[in-house]
Amino acid sequence: MTDIAHFPLAAVVGADELKLALCLNAIDPRIGGVLIEGPRGMAKSTLARGLADLLASGQFVTLPLGATEERLVGTLDLDAALGEGRAQFSPGVLAKADGGVLYVDEVNLLPDHLVDLLLDVAASGTNLIERDGISHRHAARFVLIGTMNPEEGELRPQLLDRFGFNVALSGQTVPAERGQIIRRRLDFDSDPVAFCEQWADPQAALRERCIQARARLDSIELDDQALAQITQRCFAAGVDGMRADLVWLRGARAHAAWRGADAITEQDIDAVAEFALRHRRQEQAPAASPPNPCLLYTSDAADELDGV
């Protein structure tokens, strides 16, 4: 066990909805990550870290709350550029997170200028650093996981919508589960190596299920019938834009792959409905005719969904 700091996701008690949302993102990272809401002490960061073990790279990178812009995007050594004729790039958090998980704790407290940078990179999948006429570009595709306590402030709407899924954890846990949680935490703290070995088989089974689902994913059609149901329900929920439709469709396909099915069914659509709608649903749905599902494929819609 090379990394004893990560509590195995298979050993987490409860939080079944969140574990499912994380697994679906491991199956299809294009879903766009998960925003986890809940009060303190709900093991939000423990659950988020558990996702890294389910991804191909296993990379888990944290963006500190007090990080500078250079820490996020990286730096260019201009002296090296003058002396060697090429820019020497020192990678930042975005470069290190490529192919893995970028984790932002208390994401609602992130400074606006870092939010703007994060939005640009999350949309394009590319980080561009420019300084005095010299530039460097690198891939930066990651599963974005954010945690927040709603009592400590709201999240900017642009960043809120960037998260594919939203899951809220309740602070109320029944006594039986509370006892299990405390016992497993104590066991882990006492001997992390032994604890991870004890849970190695269930964790390996969870990882293998995600691997098999990823392999099956592209064979499952994003069919028009599923799309029609989703667009109708997004319209009924009064969501703005088209991101919810696309995220929901991708999530439903990932859920079908998770089940081992070869097609999306209503079960899959229902399973991810709240994940996709919770942070996008309006108080009142608009009183108008339902949209044409083909709208998703118009040029304007394609522009809006660029980078999703």
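We're numbering straight along the sequence, starting at 1.
In the displayed structure, R156 atom CZ is contacted under 6.0 Å by more than 12 heavy atoms of other residues, nucleotides or ligands. The neighbour count for Q225 CD, taken as heavy atoms of other residues, nucleotides or ligands under 6.0 Å away, does not exceed 12. Summarising the local packing, CD of E266 is surrounded by 12 or fewer heavy atoms from other residues, nucleotides or ligands at distances under 6.0 Å.
Comment: D268 does not engage R253 in a salt bridge, judged by the lack of any side-chain N to carboxylate O separation of less than 4.0 angstrom. Using a 4.0 Å cut-off between a side-chain N of Lys or Arg and a carboxylate O of Asp or Glu, D161 and R280 qualify as a salt bridge. A salt bridge does not link R141 to D98: none of the charged nitrogens lies less than 4.0 Å from a carboxylate oxygen.
Using a 3.5 Å distance cut-off with no hydrogens or angles, the side chains of S190 and D187 do not pair a donor with an acceptor. Looking at N166 and E37, their side chains do bring a donor and an acceptor atom within 3.5 Å of each other. Looking at D53 and Q203, their side chains do bring a donor and an acceptor atom within 3.5 Å of each other. No side-chain N or O of T231 forms a donor-acceptor pair with one of D245 less than 3.5 Å apart.
When hydrophobic clusters are built by joining Ile, Leu, Val, Met, Phe, Trp and Tyr residues whose side-chain heavy atoms come closer than 4.5 Å, directly or via intermediates, F142 is grouped together with V115. Linking ILVMFWY residues whenever their side-chain heavy atoms come closer than 4.5 Å, directly or via other members, places L222 and L227 in the same cluster. Taken together through direct or relayed side-chain contacts under 4.5 Å among Ile, Leu, Val, Met, Phe, Trp and Tyr, L47 and V13 form parts of separate hydrophobic clusters.
By the 4.5 Å heavy-atom criterion applied to side chains, L24 and F165 are counted as neighbours.
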